Amino acid sequence: MRFGERIYTLLRISILSYQDYKNIISRLWGDFIFWVKSPLTNVLLFSDTVRNNLKYGNEAASAKDVERAVRMSRCEEVIQKLPNGLDTVLIGSGESVSQGQRQLLAIARAFVMDPKILILDEATSNVDTRTEQAIQDAMQMVMRDRTSILIAHRLSTIRDADQIVVMDHGKIVECGDHETLLHAKGKYYELYMTQYAGIGI
């Protein structure tokens, strides 16, 4: 509620142009929330250096901040394969970068930005198994000490969440942690058994 109240107060005390309004919303969103989208929706990359792409949203980030973000997000291998490392210029908004690499770069960007709230929307979908593991490792690092909201069909991504909200046809049908929902033997249990049939719980 505080987020909404802050916007409301700003709008009451000033007569704003549409551009001013957009700038305020963008600024407040950037200060608090970072959204890592599904690979299918394409992570937004610019025709610029990898370094500047990672600093998008926090242009004041130092070289050490960027290097730490690359390390913590498991992006080192991706950067090492580029011809000029962090100074490689991405052509065509990063068309030469794979979907999995885009996700790792997005998580590195989240480290640089250091938001209060992180949204991970199907962050491991449509990537190979090796890349999925790298993304999951990076996700565990970036979620530390911050509020994180995960949207996922792969239950391995959300298993350790404090609170899991299960939706079916747009409605919330269950809430609880992993163990609680398994013992309830409801929709979450069905999904788990579908994905992990034959594997010990």
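The structure presented is a predicted model; accordingly, all values stated were derived computationally and were not measured. Start at 1 with the first residue, then count along the sequence.
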How long is the span from the CG atom in L86 to the CD1 atom in I79, to the nearest 0.5 Å?
5.0 Å
Does any part of the side chain of T157, heavy atoms only, come nearer than 4.5 Å to the side chain of Q136, both counted from C-beta?
yes
When clusters are formed by joining ILVMFWY residues with side-chain heavy atoms under 4.5 Å apart, either directly or through shared neighbours, do L118 and M141 land in the same one?
yes
Sub-3.5 Å donor-acceptor pair from the side chain of D177 to the main-chain atoms of T180, do we have one?
yes
When you compare the side chain of V78 with that of V50, does any pair of heavy atoms fall below 4.5 Å?
no
Do you know the tightest heavy-atom contact between A108 and S73?
CB-OG, 3.2 Å
A side-chain contact here means heavy atoms from C-beta on lying under 4.5 Å apart; do F46 and L90 qualify?
no
Min side-chain heavy-atom separation R51-D87 under 4.5 Å
yes
Check whether any side-chain N or O of R109 sits under 3.5 Å from a backbone N or O of N53 as a donor-acceptor pair, and report yes or no.
yes
Between E67 and R71, does the salt bridge (charged side-chain N to carboxylate O under 4.0 Å, His left out) criterion hold? Intermediate values first, please.
CA-CA 6 Å; E67 289 166 6; R71 184 173 65 256; over 6 Å; no
Starting at CG of D48, measure out to CG of L54 and round the result to the nearest 0.5 Å.
10.5 Å
Got a second to check how far T147's OG1 is from K116's NZ, nearest 0.5 Å?
10.0 Å
Using side-chain heavy atoms (C-beta onward) and a distance below 4.5 Å, is N58 in contact with D114?
no
Which heavy-atom pair separates V112 from K55 by the least distance, and what is that distance?
CG1-CA, 4.1 Å
Interatomic spacing from CG in L182 to OH in Y188 - rounded to 0.5 Å:
5.5 Å
Does the E174 side chain pair with the main chain of K187, one donor and one acceptor, at a distance under 3.5 Å?
yes
State, yes or no, whether a side-chain contact exists between M139 and I107 at a heavy-atom distance under 4.5 Å.
yes
Given side chains that start at C-beta, do those of L104 and E77 come closer than 4.5 Å, heavy atoms only?
no
Find the distance between CD (E179) and NE2 (H183) and round it off to the nearest 0.5 Å.
6.0 Å
Hphob cluster co-occupancy, M193 + I164, side-chain heavy atoms under 4.5 angstrom
yes
Which atom names give the shortest non-hydrogen contact between L105 and C75, and what distance separates them?
N-SG, 3.7 Å
Is there a donor-acceptor pair under 3.5 Å between the side chain of Q195 and the backbone N or O of S156?
no
Single-linkage hydrophobic cluster I158~V173, side-chain heavy atoms < 4.5 angstrom:
yes
Take atom CD of Q163 as the centre, draw a 6.0 Å sphere, and report whether it contains more than 12 heavy atoms from other residues, nucleotides or ligands.
yes
Report yes if some heavy atom in the side chain of V166 is under 4.5 Å from a heavy atom in the side chain of D168; otherwise report no.
no
